[in-house]
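Please read the structure below before turning to the comments.
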Amino acid sequence: MSFTFASWNINSIRARAHLVQDWLERHPECDLLCLQEIKCEDSQFPTVFHEAGLHVATTGQKAYNGVALIGRRPFEVTTHHLPGFEDPTARYIEADMDGLTIGNLYLPNGNSGGEDGYAKKMAFFDALANRATTFLESEKSFAFIGDYNVCPTDEDLAPGALSPTDALVRPETRAAFNRLQWLGLTDALRAVQPTGRHYTFWDYQAAAFQRNSGLRIDHALLSPRVTERLVSFTIDRDERAAEKASDHVPVLVTLR
DNA sequence: ATGACAAAATTCTTTTGA
């Protein structure tokens, strides 16, 4: 049985609910959409999706961050926070659907708040690695998808797009991302496109999209059993050209 | 070294993002 899930950092769901509605209509194959940066409290999440018969769950907070799930069929939320990450910001929601556990994450950027801010990014990675280890020991089928705020290699950002000391490319950041792969998880994009520049984010500033000065920071890491089922990883690049677009575009994972 | 965009709250500026 085929299963498709997607991730999209929407940069305010209230400002872009119509874009998500349109996108879902154009992608009937998407069973579960994972959103990040909804930038609202749970009670402020637009009601149009529930009214359209979709299933919605949120981990929201005032003004910043926030993640949500929109499913075509019911799913069961397993947690609203990443176990072991002791931070009040809304950055994780996880659910079971069709025998699969999907963790939807919004990793701290790590550039603000000095070394303390960067330490939070590393702490999130540690907690995610622990979650992965627990799941791997039980041979669970799972995926961690979302905005990782990491360019895994130099091929994952346009030349000159970031300073070499930026938290998205620091060696410690890349090591933390690599560690998840060494545990046995697979970077879905690289499983289907081993080389090449494939971006998921273009800054609003300095005509970054027109110059294709982008970053690959939205990723899906798959457990071994899910990797065996991987059919495609698609970056919906055209969405960046929409009126009032988010600075991130949707990415889709299809399993057989 | 700085600013360029965009969104929300702290609202006509400031904070944060990547």
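First the proteins, then the strands, lettered A, B, ... as listed; each starts at 1.
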Legend entry - Basic-acidic side-chain contact under 4.0 Å: A:Arg174, A:Asp156: no
Inset, instruction - Map A:Leu162 and A:Ala207 onto DNA chain B by nearest heavy atom, then report which one ends up closer to the 5' terminus. - result: A:Ala207
Inset, instruction - Name all pairs fulfilling the salt bridge (charged side-chain N to carboxylate O under 4.0 Å, His left out) condition that reach into residues 12-22 of chain A, sequence neighbours left out, sorted by first residue then second. - result: none
Under 3.5 Å, which N/O atoms of the protein pair with N/O atoms of nucleotides 11-17 of chain B?
residue, atom, partner, partner atom, Å
B:dG17, OP2, A:Ser112, OG, 2.3

Legend entry - Any donor-acceptor N or O pair under 3.5 Å, side chains A:Ser141, A:Ser223: no
Legend entry - Interatomic distance where CZ belongs to A:Arg240 and P belongs to B:dA18 [whole Å]: 13 Å
Inset, instruction - Hey, could you give me each pair passing salt bridge (charged side-chain N to carboxylate O under 4.0 Å, His left out) that has a residue in residues 226-243 of chain A? Not counting sequence neighbours. - result: A:Arg26-A:Glu239
Inset, instruction - Under 4.0 Å between any heavy atoms, over every strand shown, what does A:Asn9 touch: base, sugar-phosphate, or nothing? Just pick one. - result: sugar-phosphate
Legend entry - Selection: residues 14-23 of chain A, any non-hydrogen atom under 4.0 Å of DNA chain B: A:Arg14, A:Arg16
Legend entry - Presence of salt bridge, A:Lys121 and A:Asp87, under 4.0 angstrom: no
Inset, instruction - For B:dT15 versus B:dT10, give the span between their P atoms, rounded off to a whole number of Å. - result: 12 Å
Legend entry - Nearest-Å distance once atom C1' is located in both B:dT11 and B:dA7: 12 Å
Legend entry - Euclidean distance, atom NZ of residue A:Lys244 to atom P of B:dA6 [Å, nearest integer]: 8 Å
Legend entry - Rounded interatomic separation in angstrom, taking CG from A:Leu35 and P from B:dA7: 16 Å
Legend entry - Interatomic distance, A:Gln61 CD vs B:dA8 P [rounded to whole Å]: 13 Å
Legend entry - Short side-chain N/O contact to B:dA8 OP1/OP2 from A:Asn11, under 4.0 Å: no
Inset, instruction - Between B:dT2 and B:dA8, how far apart are the C1' atoms? Round to whole Å, please. - result: 24 Å
Inset, instruction - Could you say whether A:Ser12 or A:Asp147 is positioned toward the 5' end of DNA chain B, judged by the nucleotide with the nearest heavy atom to each? - result: A:Ser12
Legend entry - Span that lies between the C1' atom of B:dA1 and that of B:dT13, in whole angstrom: 23 Å
Legend entry - Nearest-Å distance for atom pair CD/P, residues A:Glu41 and B:dA8: 13 Å
Inset, instruction - Determine, for A:Tyr118 and A:Arg170, whether the Lys NZ or Arg CZ falls below 6.0 Å from the six-membered ring centre while staying within 45 degrees of the axis. - result: yes
Inset, instruction - For B:dG3 versus B:dT16, give the span between their C1' atoms, rounded off to a whole number of Å. - result: 16 Å
Legend entry - P atoms of B:dA18 and B:dA6, separation to the nearest Å: 16 Å
Inset, instruction - Test ring pair (Phe, Tyr, Trp, His ring centres under 6.0 Å) on A:His198 and A:Phe233 and set out the steps. - result: CA-CA 11 Å; A:His198 307 277; A:Phe233 184 97; 9.3 Å; no
Legend entry - Aromatic ring pairing A:Phe209/A:Trp202, orientation class (parallel under 30°, perpendicular over 60°, tilted between): perpendicular
Legend entry - Atom-to-atom span, CZ of A:Phe201 to P of B:dC5 - whole angstrom: 14 Å
Inset, instruction - List, by chain and number, the other hydrophobic cluster members for A:Tyr204, where Ile, Leu, Val, Met, Phe, Trp and Tyr join if side-chain heavy atoms come within less than 4.5 Å, directly or indirectly. - result: none
Inset, instruction - Provide the full list of salt bridge (charged side-chain N to carboxylate O under 4.0 Å, His left out) pairs with a residue in residues 31-58 of chain A, sequence neighbours left out, each pair given once. - result: A:Asp31-A:Arg73
